Amino acid sequence: MNVAELSASIPQAPPRTPGKGVAVALAVALIVCVAVGAMLSANLSRGTADSRLRQELNITSELEALLTLHIAANTDFLKGVGTAGYTSRGWPIKRAAVVAGIYDRLEHDFAGARNARTIRQLRQLSSIWPEQLDAAARNIALADAGAKLEPALMQRANETLSSIMSLLTELRSEQREQIKVVQFGAQAQLARQKISLIGTATAGALLLLFTLFTSHRAALSRSAAKIVAFEAERRFREYFEQHPVAMLIFDVRSCSILTANAAAQRQYGASLQQLKDMSIEQLRPPAETDAFRRDLHGYVNSGAQSGAGGVRRHVRISGDVIHVDIAWHLLDYAGHDACFITAHDVTAHEQAREHLRIRSRALEASRNAVIISQKVDGESIITYANAAFERITGRTVARANNAEHWGMLDCDVSSADADAIRSAMQSEREGEGLLKCYRPDGAPYWIELHVAPVLDERNRPTHCVTVFNDVSERIRYQEQLRLQANEDSLTHLPNRLGLKARLRELVRTALHEQQKFALVFIDLDNFKEVNDSLGHTAGDEVLCEVARRLSANIAQGEIVSRYAGDEFVAVLYGRGNVDNFVAAAAGMQESLTHGLLVGNKVIVPLACVGLAVFPDHSSDPDSLLKYADSAMYRAKSVGPGSMQVFDMAIARQHLERASLAQALRLAVASRAFAVAWQARVNPTTGETMGFEALVRWHEPERGQVSPALFIPLAEENGLIVQIGEFVFDEACRQAREWARQYPDIVVSVNVSPVQFMRADLPAMMADALARSGVNPRNIELEITEGVLMAPRSLATLRALREMGLSVAIDDFGSGYSSLGYIRSFMPDRLKLDMSFVSGIGHSRADEVIVKAVLALGHTLGMRVVAEGVETLRQLEFLIENGCKEAQGYWFARPVDAASAQSYLEASHAASVQQR
């Protein structure tokens, strides 16, 4: 009922008619009394009906508010997904409090009546849903940081929201039916009232004849009319004040607000007096004042008494902007030309509509393609596709609409992922996979695709959403990485991984075709010397030429791979018996013996070859590789350019080497090593100048293992790094002890070239020096000549020298370094290789070399240490030629620390006596 109807329904007191007789007045009064009684009865009945209708309307309004709040919460959650937050923004405390209040009122309204259980169920779902939104938001945020996305979390939240919406929809439907029942009862009551009034009017007419002579009834009739008018006014005021929609009345001329109901006061956050002190124009944003005036002018001049104003923007006293749906009615109010308006707050609906618009825009702007399809006659028909779909697939959106889903993608439907996704769509569940598709021009591309059903409020699938992005670049990159992982970058031959992958295929082929194949393990004998003497660039040239020559000596279907460093493996297939494989391997070996010009030098590559045959020696490709490798090591032990076919003796040797390597790993883990100390003395006075730290290993089953056996093995397996650190720590600790009594003592420590490959060698040594507290001048590092030629070695050596450590070149004269490297670095000592010392007295050439090295050291200011002194003749020759330091069995063997201490004390005591 609008205001006009309410105003028209208010009865007015009948006017007095001067000159009429008392009888007429009495009759009229009697009729009025009868009418008043009937109307009072009708009003009481109608008041009860109105009260019930108002209650049902209030319940409907509460359910609408619940629906709006949940939609707004879901919208805020979706809006907040992209902000990388770890909690949902959809359920702030204020919104949760409002929802709780609504549930309290609904439980009160439904207490002991219908739907009370449904309200409790709704309250429980509304408390679970925010937690599910938080979990989904947190999972999405973590997925942006690298974690796995779990769509099931979002699905559970959607299912809970769908249940809430379904229950609210059912309640709203029931409320509408209930309101219809109430309204139907009210209409029936109204009909009964009309019949009653007709009867009353008839009776009144009869009573008029009867009461024409009773004048006192006239006064009673006037009083009754006033009561009816007052009650109607009261009922109107009550309806106006208690209506849940904001209502205001303002003067159309001055625009001042004349009155407003409680809902308007709440909506605009102002008291009634504050609103009365305002102009209706002030409820619109300042920029829209002119628009309001045009609206009002249109209402007044439209010729209509009422109408709909549409959705407008209003402002609260706080300045917050809201959206309201306006309905207006022109009327006369307390002597004012007034306009009555209802202003229904639709801010949430407008925001939801705006969010939907933004979401739609986001879909269009997304880099991911989005397709929405609907199942029609068993086929998925596209109903929507965004712009990214056109960019990725090369097919227009217009062509995609109403087209079959898979036809537009044109993917490889035979793949396992495609089959899984199609199955997921058929069973209306989520699915994802990697698909290879084709554009209209035939160009292939790869997509990562995800499908999910869209459910209605009853949890029934209605559509399917497909999201995919172009991952072609990633697939190409992965393929490139795969190729790089299986191919040697220098020679472009298969590397170790590539060889093993090919071998697995070859084993299956050989078994199927009942053929043999041989693995030929080829190791270059003199490659290290090429690198050391000519540099790594020359070494690369040699490797490339070796790869070319080996590849030229194989048949189609056979393989040559660069296994590691200067090691190659050839796979010879289907050549018959072992002799044929050996002949082919010999041909490959012979092809390497032809000279190769590198720079201005001719290099003749030599190689040792090991050979193992499938399935004679093994049917397992990994074992076959080990056997060919073992055969190659046996060939190297025979001499350069040798070839060896695998046999059981080699297998035993291979097992022994593997066993020793395992024992060495255990020894490294338990630090089961010891250090022996060999004195370095002044050959003239016999005074001990220092000691060389030599590592020793006593293995429980093998006894004392020769360093010549386990040191190369440790270097090959990288274990020499940990062993070297152990020896260096022990040398620092022992040097500190000896230096307390003999400040000039120097302890020498051998450093493997493998250790120099580690960039943290200076840091490791600095840490050991700091832990032991030894003075760096009491420590000397012994390196081989080859270390000087390694990349970045000079910089590392200079860094070690800057720490105060001295450096000696061990086995000087036996390597391939040039004097240029010695000049560039200038070591503190040169340790003359024992092979030259052993020739003293037997070889004129060795004696000349010894003299030259001693003269070189003296001239350049470097001390020369003669190693391997074992005879008096050697000692006398060295003294005669000015050698200041010597080391060998003539003076002392390597001994433990206690024996070395005794030797040190004795030699110093003897030296003091000689002085």
Side-chain angles (χ1 to χ4, degrees), residues 488 491-496 498-525 527 543-564 566-596 604-654:
D488 175 55
T491 63
H492 300 293
L493 296 175
N495 60 12
R496 182 180 303 197
L499 173 65
K500 289 186 175 182
R502 300 279 289 275
L503 278 179
R504 287 191 290 270
E505 299 174 4
L506 196 62
V507 166
R508 289 192 294 268
T509 303
L511 289 173
H512 178 71
E513 298 179 354
Q514 296 185 345
Q515 291 285 348
K516 295 183 178 182
F517 66 84
L519 294 186
V520 182
F521 212 109
I522 304 165
D523 181 81
L524 300 182
D525 291 324
F527 184 70
L543 290 175
C544 290
E545 178 59 21
V546 167
R548 188 192 66 77
R549 293 184 183 183
L550 293 177
S551 298
N553 281 271
I554 62 173
Q556 186 176 2
E558 296 178 332
I559 306 167
V560 173
S561 70
R562 184 187 176 193
Y563 196 70
D566 60 347
E567 296 176 341
F568 294 81
V569 174
V571 182
L572 306 178
Y573 184 81
R575 292 180 180 253
N577 56 32
V578 174
D579 292 339
N580 292 336
F581 285 121
V582 170
M588 299 176 74
Q589 185 182 31
E590 193 276 334
S591 70
L592 301 179
T593 60
H594 303 294
L596 167 65
V604 180
L606 297 176
C608 285
V609 176
L611 188 142
V613 178
F614 173 92
D616 296 6
H617 300 134
S618 177
S619 297
D620 175 58
D622 290 335
S623 299
L624 208 63
L625 271 171
K626 292 178 184 178
Y627 292 163
D629 187 21
S630 299
M632 183 272 295
Y633 271 103
R634 171 65 68 85
K636 289 182 77 69
S637 67
V638 173
S642 300
M643 179 185 294
Q644 183 71 46
V645 178
F646 177 80
D647 57 25
M648 292 312 299
I650 295 176
R652 288 190 293 271
Q653 182 182 11
H654 174 80

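Here the structure is a predicted model, which means the values were calculated and not measured. Numbers for residues simply follow the sequence, beginning at 1.
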Exam field: side chain [X] to backbone [Y], donor-acceptor pair closer than 3.5 Å:
X      : Y      : result
Arg549 : His594 : yes
Gln589 : Gly641 : yes
Ser551 : Arg548 : no

Neighbour count >12 (heavy atoms, 6.0 Å) for atom NZ, Lys626: no
Mark yes when over 12 heavy atoms from residues, nucleotides or ligands other than Glu513 sit less than 6.0 Å from its CD; otherwise mark no. yes
Inter-residue atom distance [X].[atom1] - [Y].[atom2], 0.5 Å rounding:
X      : Y      : atom1 : atom2 : result
Leu550 : Glu558 : CG    : CD    : 12.0 Å
Cys608 : Arg634 : SG    : CZ    : 12.5 Å
Leu543 : Leu493 : CG    : CG    : 10.0 Å
Ser561 : Glu567 : OG    : CD    : 10.5 Å
Ile559 : Arg502 : CD1   : CZ    : 4.0 Å
Arg562 : Arg496 : CZ    : CZ    : 11.5 Å

Least distance between heavy atoms, [X] atom then [Y] atom:
X      : Y      : value
Leu596 : Glu545 : CD1-CG, 3.5 Å
Thr593 : Val604 : O-CG1, 3.0 Å
Asp620 : Ser618 : N-OG, 3.1 Å
Gly587 : Asn553 : O-OD1, 4.1 Å
Arg575 : Ile554 : NH2-CA, 4.3 Å
Pro494 : Gly498 : CB-C, 4.3 Å

Leu524, Val546, Asp525 screened by side chain to side chain contact (heavy atoms under 4.5 Å, CB included) with Asp566, the one that passes: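 Result for side chain to side chain contact (heavy atoms under 4.5 Å, CB included) with Asp566: Leu524.
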Please report whether the ring centroid of Phe646 lies less than 6.0 Å from that of His617. yes
[Y] side chain reached by [X] side chain, heavy atoms, under 4.5 Å:
X      : Y      : value
Leu519 : Tyr627 : no
Phe581 : Asp616 : no
Tyr633 : Asp523 : no
Lys500 : Asp622 : yes
Arg504 : Val507 : no
Tyr573 : Thr509 : yes
Ile522 : Leu592 : yes
Leu611 : Val613 : yes

Are Glu505 and Arg508 within salt-bridge range, i.e. N to O under 4.0 Å? no
Just to verify, what does Phe568 make a ring-ring contact (aromatic ring centres under 6.0 Å, His included) with, not counting sequence neighbours? none
Parallel, tilted or perpendicular: rings of Tyr563 and Phe521 (30°, 60°): perpendicular
